[in-house]
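Here is the structure we will look at, set down as structure tokens.
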2 protein chains.
Amino acid sequence: MLSRSVQDYLKTIFKLQEGGAVSTTEISKELKVSGASVTGMLKRLSAMELVDYNSYKGVKLTEKGKVVSLEIIRHHRLLELYLKDHLEFSLEKVHEEACRLEHYISEEFADKIDDIMGHPQFDPHGHPIPTKSGVLSEFEDKPLNEVEVGANIQIKRLSDTDSELLAYLEEMGLMPGVQLTVLEKAPFNGPVTVKFANEEKIIGNEIAKNIFVIMNCDEIPE
Amino acid sequence: MLSRSVQDYLKTIFKLQEGGAVSTTEISKELKVSGASVTGMLKRLSAMELVDYNSYKGVKLTEKGKVVSLEIIRHHRLLELYLKDHLEFSLEKVHEEACRLEHYISEEFADKIDDIMGHPQFDPHGHPIPTKSGVLSEFEDKPLNEVEVGANIQIKRLSDTDSELLAYLEEMGLMPGVQLTVLEKAPFNGPVTVKFANEEKIIGNEIAKNIFVIMNCDEIPE
DNA sequence: AATAATATTTAGTTTTAAATAAAATTTTTC
DNA sequence: GAAAAATTTTATTTAAAACTAAATATTATT
């Protein structure tokens with residue numbers, strides 16, 4: 001079985017690799033380890049044929065590496081939804097628990113909860129859940145602070161790194177699926193004013209950066 | 001957090017310590033590691049105040065050690081029942097999955113599944129589940145091969161080490177809760193003949209050793 | 001009680017995984 | 001093309017967990 005560290009490196013590379021090859025420094029910053037440690041791990045991952053690694057040129061996941069990464073991400077997102085909807089975990093606690101358990105549940109465990117939930121497409125933060133065969137549906141979203149005034153939007157997902165922020169957003173009612181209209185945007189990275197549930201709310205720019213939205217539509221896109 | 005190895009040593013000591021202090025060799029045989037490795041670990045456990053260890057005299061769990069052990073056993077047994085009854089795992093697969101996950105689920109996770117199941121007292125093999133406060137109900141049972149002829153008995157639990165055997169027993173319908181009458185016992189460790197569901201079945205002595213029974217009673221004892 | 005057999009501990013290594021700092025090298029930038 | 005930044009190499013470090021072989025303690029046997 002792959003170690004937890006190896007799995008975490010793969011997850012990180014997957015997350016960062018949208019813009020082509022991923023550099024040592026990017027990984028180093030994300031995982032908060034030294035560059036030398038990253039180089040060491042990249043060599044190991046390369047020997048396991050999980051990444052294509054060229055010195056000084058960065059890494060990319062191989063097909064095998066992608067499969068493994070998607071499996072971990074699938075575990076994580078299925079767990080988050082299951083913890084929230086079936087075990088009544090609060091939204092701010094699901095991330096930590098899922099981050100730990102994602103490495104240890106069997107494929108069978110993942111499949112069982114997937115069946116029970118009826119093959120859901122999105123986790124509680126609005127992230128798409130890869131299918132068992134490794135298909136990850138994509139959708140276009142952007143942070144709330146980049147949306148133009150007047151737009152009718154829907155919250156698609158929340159950045160899930162800060163659990164305090166999540167708790168705050170939950171309390172405000174700013175959850176995935178909620179419909180908003182952008183009324184005003186103060187200049188120089190000022191706060192964003194939105195209307196929702198017939199109330200006006202003012203959202204600080206730093207917070208708005210963590211709320212990812214899509215243009216309004218009736219159905220959640222695939 | 002305690003490592004998986006540490007947790008496994010504690011579980012093993014708990015299991016073996018009914019007859020007083022546990023010897024190095026007993027642990028060594030159970031975990032299939034060298035005696036020297038056991039001594040090394042016992043020193044570490046002792047430094048952590050999880051066991052009382054006296055060279056050459058064996059170990060006992062401290063109160064702290066018992067609390068931790070019972071927590072792990074609680075996780076294991078709650079998981080087994082949950083996997084079986086809520087995630088539809090087959091009986092022979094729950095042990096392996098629970099053995100892995102027991103080390104990684106949070107207390108909150110354990111409490112949630114405990115709540116959902118209504119604070120069950122026994123796992124699918126008939127083993128008692130410790131309460132959150134660490135109370136482990138005891139019951140007297142003995143292996144089927146030691147029961148006298150004519151006894152009306154109930155299967156209390158099955159030894160859970162051999163998953164092939166478990167699958168076989170499940171197929172035979174020999175499950176915890178089933179009522180049996182012992183009709184015959186062949187001498188010299190021969191097979192045991194039992195009546196159950198109005199059929200006679202002959203059970204080999206080696207198999208009978210793994211079926212633990214209690215004298216008949218309407219309710220499962222506490 | 002002496003000796004043999006067994007159990008246990010000690011001492012010294014080994015393995016593996018993961019990390020590090022400092023020095024060397026390559027790439028990028030100005 | 002030199003300086004700055006990024007990356008790799010080299011050589012260590014840490015930690016957990018295991019091992020073998022030798023030494024010692026305990027228990028059993030005669």
Side-chain angles (χ1 to χ4, degrees), chain A residues 1-17 19-61 64-65 68-69 72 99-100 102-104, chain B residues 1-17 19-61 64-65 68-69 72 99-100 102-104:
Chain A
M1 211 200 77
L2 299 174
S3 75
R4 190 170 165 174
S5 259
V6 165
Q7 292 186 40
D8 282 334
Y9 272 93
L10 290 175
K11 249 174 73 177
T12 302
I13 297 166
F14 187 93
K15 184 176 165 187
L16 298 173
Q17 88 170 355
V22 182
S23 73
T24 301
T25 321
E26 285 178 278
I27 299 170
S28 155
K29 277 182 187 157
E30 184 78 14
L31 291 176
K32 297 181 176 80
V33 294
S34 71
S37 304
V38 174
T39 304
M41 179 60 95
L42 294 184
K43 284 179 174 174
R44 283 180 57 209
L45 295 178
S46 183
M48 290 189 274
E49 299 186 318
L50 293 165
V51 298
D52 279 330
Y53 171 52
N54 294 300
S55 279
Y56 300 100
K57 304 284 179 68
V59 266
K60 275 187 165 181
L61 294 171
K64 191 172 153 192
V68 176
S69 304
I72 306 165
C99 258
R100 191 167 0 93
E102 65 186 2
H103 306 294
Y104 305 111
Chain B
M1 211 200 76
L2 300 173
S3 75
R4 187 168 169 175
S5 261
V6 165
Q7 292 185 40
D8 282 334
Y9 273 91
L10 290 175
K11 248 174 73 176
T12 302
I13 297 167
F14 187 93
K15 183 176 165 186
L16 297 173
Q17 88 170 356
V22 182
S23 74
T24 300
T25 321
E26 284 178 279
I27 298 170
S28 155
K29 277 179 185 159
E30 185 78 15
L31 292 175
K32 297 184 176 79
V33 295
S34 72
S37 303
V38 174
T39 304
M41 180 59 95
L42 294 185
K43 284 179 174 174
R44 283 180 56 209
L45 295 178
S46 183
M48 289 188 274
E49 299 188 319
L50 293 165
V51 298
D52 279 330
Y53 171 49
N54 294 300
S55 278
Y56 298 101
K57 302 285 177 68
V59 265
K60 276 186 164 182
L61 294 171
K64 191 172 153 192
V68 177
S69 304
I72 306 165
C99 257
R100 191 168 1 92
E102 65 186 2
H103 306 293
Y104 306 111

Counting N and O atoms only, with roles assigned by atom type, does the side chain of A:R100 sit under 3.5 Å from a partner on the main chain of B:Y104, one being a donor and the other an acceptor? yes
May I have the distance from B:N54 (atom CG) to D:dA25 (atom C1'), rounded to whole angstrom? 14 Å
State whether B:K43 places a side-chain N or O below 4.0 Å from either non-bridging phosphate oxygen (OP1 or OP2) of C:dT10. yes
B:K57 side-chain N/O to B:A21 backbone N/O, donor-acceptor pair under 3.5 Å: no
If you take all heavy atoms of A:E102 and A:K11, which pair is closest and at what distance? OE2-NZ, 2.6 Å
Does B:L61 offer a backbone N or O that forms a donor-acceptor pair with the side chain of B:Q17 under 3.5 Å? yes
In B/S/- notation (B base, S sugar-phosphate only, - none; protein heavy atoms under 4.0 Å), nucleotides 17-30 of chain C written 5' to 3' is SSSBB---BSS---
Interatomic distance where CG belongs to A:L45 and P belongs to D:dT8 [whole Å]: 13 Å
Is A:T24 near enough to D:dT8 that one of its side-chain N or O atoms lies under 4.0 angstrom from OP1 or OP2? yes
Please give, in whole Å, the distance from D:dA16 P to B:L10 CG? 15 Å
Using only atom types and a distance under 3.5 Å, with no angle test, would you say the side chain of B:S46 pairs donor to acceptor with the backbone of B:D52? no
Quick one: does B:S28's side chain have a donor or acceptor within less than 3.5 Å of a partner on B:T24's backbone? no
May I have the distance from B:L42 (atom CG) to D:dA16 (atom P), rounded to whole angstrom? 16 Å
